[in-house]
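What you see is a predicted model; the values in this text were computed from it and never measured.
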Amino acid sequence: MLAPSPPVPPPAPGVVAAGVYAAGRRIAETSIADAGAWARKPGHVVWIGLYDPSDSLLHQVQEQFGLHPLAIEDAGNAHQRPKMEQYGSGLFVVARTAQLVERRIAFGETHVFLGRGYVVTVRHGPSSSYAAVRQRCEACPSTLAHGEHYMLYALLDYIVDDYGPVIGAIHDEVEAIEDTVLARSLEQAEIERLYMLRRDLLRLRTAVVPLVEVCRRLEHAETVAVDEYMQVLFRDVSDHIRRVQEEIDSLREVLAFAFEASLMIGQTQQTHIARRLAAWAAILAVPTAVAGIYGMNFKNMPELELQYGYFFALGAILMVCLILYRRFRAVGWL
């Protein structure tokens, strides 16, 4: 009888999952200490997921797979631009993740190490768990049998799909802002929110657009040899990213138009108020001028000694004010 294999110790802090795959099927769990040995076996792929790992854990992974020190340094720093770099026969890919947290877009990062026999993901900041990606891949062994490149595709596709709910929520809010702008001018808090949305969308665009170049290089096998089946999949991710970029650009334009429309509506209202004030000032200038003239206390003044001069002056003032009022009403100033 064969001796039972020793049990795998529980994952270390920072290790989310560590599985071994062969022919598209998960055949075992592994520890970081044994991952390198599994990866060197022909036809085997180790898929390890890390979340905010410590420096010591990253160096353990480096020793197991012979990762480049510069890539490890980048993986420990959660402020990288989306990119893909090649170190020998291995790849290092950085992608930005996005989630809505308290009505703001919170950005995280996923760093992917890929080489013959291994895929290591390192997550930093807000990010959905990749357990769903593993389950989806494991449900179709024939496609998972494509190995490391299919795992990378599944991760990138999942990250890009996660942009959808963020953009959808912002789209709904933008439509509400449009309706508000058409009904009234925006208040200070609403204008600040509009500015925040435009800034968050710009940051999201900065996170999304570089992934097009990453997928293009994988699609055309400029960095590593990728079979035709996988090239088509990476092309599909590129198309999805471009659609996301177009949606971001259209939302930013709508927000810019909403801001300009709000300013124009505000200026129109201010002009209308200024016209009304000017009209009332012109009307009130008539009694003010008459009262000012007759208040200068000269002895020889027209109509001063008439018996009904007082009533005549009031009637004249009222008549002129009424004529001015009707005139301003006719031109829309009142």
Requested in this report: On the 0 to 90° scale, with breaks at 30° and 60°, tag the F92-F113 ring pair as parallel, tilted or perpendicular.
Outcome: tilted

Requested in this report: Might you confirm whether atom CZ of R116 has over 12 heavy atoms from other residues, nucleotides or ligands at distances under 6.0 Å?
Outcome: no

Requested in this report: On the 0 to 90° scale, with breaks at 30° and 60°, tag the Y325-W280 ring pair as parallel, tilted or perpendicular.
Outcome: tilted

Report task. Enter the distance from Q60:CD to Q64:CD here, rounded to the nearest 0.5 Å. Result -> 8.0 Å

Report task. Inspect the surroundings of CD in E73 and state if more than 12 heavy atoms from other residues, nucleotides or ligands are less than 6.0 Å away. Result -> no

Requested in this report: Using a 4.5 Å cut-off on heavy atoms from C-beta on, say whether the side chain of M151 contacts that of L144.
Outcome: yes

Query raised in the report: What heavy-atom pair brings A207 and P82 nearest, and what distance separates the two atoms?
Result: O-CG, 3.5 Å

Report summary line: Nearest heavy-atom contact between Y87 and A71 is CE1-CB, 3.7 Å

**Report entry** Short side-chain donor-acceptor distance under 3.5 Å, Y130 and T110
**Finding:** yes

Query raised in the report: Taking it one step at a time, do W38 and K41 satisfy side-chain contact (heavy atoms from CB on, under 4.5 Å)?
Result: CA-CA 5 Å; W38 279 109; K41 292 184 178 181; 3.7 Å; yes

Query raised in the report: Under a single-linkage definition using a 4.5 Å side-chain heavy-atom cutoff for Ile, Leu, Val, Met, Phe, Trp and Tyr, are L156 and V209 assigned to the same hydrophobic cluster?
Result: no

Requested in this report: Begin from the C-alpha positions of V46 and I48 and carry the test side-chain contact (heavy atoms from CB on, under 4.5 Å) through to its verdict.
Outcome: CA-CA 6 Å; V46 178; I48 297 176; 3.6 Å; yes

Query - Separation of I32 CD1 from D34 CG (nearest 0.5 Å) - result: 9.5 Å

Requested in this report: Could you pull out the closest heavy-atom pair between A95 and L211, with the gap in Å?
Outcome: CB-CD2, 3.9 Å

Report task. Tell me, with the steps shown, if H111 and E109 meet side chain to side chain donor-acceptor pair (under 3.5 Å). Result -> CA-CA 7 Å; H111 304 169; E109 289 184 18; 2.7 Å; yes

**Report entry** Presence of salt bridge, D249 and R252, under 4.0 angstrom
**Finding:** no

Query - Heavy-atom side-chain proximity of I241 to C215 below 4.5 angstrom - result: yes

Query raised in the report: Between R216 and E219, is there a salt bridge with N-O shorter than 4.0 Å?
Result: no

Requested in this report: Begin with the C-alpha distance, continue with both residues' side-chain angles, and end with the deciding distance and a verdict on salt bridge (charged side-chain N to carboxylate O under 4.0 Å, His left out) for K83 and E213.
Outcome: CA-CA 8 Å; K83 61 181 179 179; E213 177 64 16; over 6 Å; no

Query - Point-to-point distance, once rounded to the nearest 0.5 Å, from CG of L197 to CD1 of I105 - result: 8.0 Å

Query raised in the report: So, do V94 and V112 sit near enough that their side-chain heavy atoms are less than 4.5 Å apart?
Result: no

Query raised in the report: Are side-chain heavy atoms of Q62 and P69 found at a separation under 4.5 Å?
Result: yes

Report summary line: dist L114:CG -> L91:CG (nearest 0.5 Å) comes out at 5.5 Å

Query raised in the report: Does R203 count as lying over the ring of F107, i.e. NZ or CZ under 6.0 Å from the six-ring centre, within 45 degrees of the axis?
Result: no

Query - Verdict with supporting geometry, H68 and E85, side-chain contact (heavy atoms from CB on, under 4.5 Å) - result: CA-CA 11 Å; H68 198 278; E85 296 178 348; over 6 Å; no

Requested in this report: State, with a plain yes or no, whether a side-chain heavy atom of Y195 is found less than 4.5 Å away from one of L255.
Outcome: no

Report summary line: Note: I248 and L201 closest approach over all heavy atoms is CG2-O, 3.5 Å

Query raised in the report: What is the distance from atom CZ of R25 to atom CD1 of I27, rounded to the nearest 0.5 Å?
Result: 11.5 Å

Query raised in the report: Do any N or O atoms from the side chain of H124 and from the backbone of A75 form a donor-acceptor pair under 3.5 angstrom?
Result: yes

Query raised in the report: Could you give the distance from CD1 (I283) to CG (L322), rounded to the nearest 0.5 Å?
Result: 9.0 Å

Query raised in the report: Any side-chain heavy atom of R136 within less than 4.5 Å of one from D157?
Result: yes

Query raised in the report: Would you call D52 and R123 a salt bridge, using N to O less than 4.0 angstrom?
Result: no

Query - Pairwise side-chain contact, C321 with L324, heavy-atom cut-off 4.5 Å (strictly under) - result: no

Query raised in the report: Can you tell which of T121, V120, V16 makes a side chain to side chain contact (heavy atoms under 4.5 Å, CB included) with L50?
Result: V120

Requested in this report: Establish, for the pair R276 and W333, whether the NZ or CZ atom is under 6.0 angstrom from the six-membered ring centre and no further than 45 degrees off its axis.
Outcome: no

Query raised in the report: Should L202 and Y163 be regarded as members of a common hydrophobic cluster, given that ILVMFWY residues are connected when their side-chain heavy atoms come within less than 4.5 Å of each other, either directly or indirectly?
Result: no

Requested in this report: Mark yes or no for whether H240, through its side chain, and D236, through its backbone, hold a donor-acceptor pair below 3.5 Å.
Outcome: no

Query raised in the report: Quick one: does Q86's side chain have a donor or acceptor within less than 3.5 Å of a partner on G88's backbone?
Result: yes

Query - L58 side chain reached by V122 side chain, heavy atoms, under 4.5 Å - result: yes

Report task. Kindly give the heavy-atom pair with the smallest separation between V45 and Y118, and that separation in Å. Result -> CG1-N, 4.2 Å

Report task. Heavy atoms only: give me the nearest L218-Q231 pair and the separation to one decimal. Result -> O-CG, 4.3 Å

Query raised in the report: With distance as the sole test, does E148 use its side chain to make a donor-acceptor pair with the main-chain N or O of G117 at under 3.5 Å?
Result: yes

Requested in this report: Any chance you could lay out the side-chain contact (heavy atoms from CB on, under 4.5 Å) test for Y158 and T97, step after step, and finish with the verdict?
Outcome: CA-CA 10 Å; Y158 184 78; T97 58; over 6 Å; no

Query raised in the report: Is there a donor-acceptor contact under 3.5 Å linking the side chains of Y21 and E138?
Result: yes

Query raised in the report: Can any side-chain N or O of H44 pair as donor or acceptor with the backbone N or O of P42 at less than 3.5 Å?
Result: yes

Query raised in the report: In the single-linkage hydrophobic clustering (I, L, V, M, F, W, Y; side-chain heavy atoms under 4.5 Å), do V286 and V331 co-cluster?
Result: yes

Requested in this report: May I ask you to list the residues sharing a hydrophobic cluster with V232, side-chain cutoff 4.5 Å, ordered by chain and number?
Outcome: none

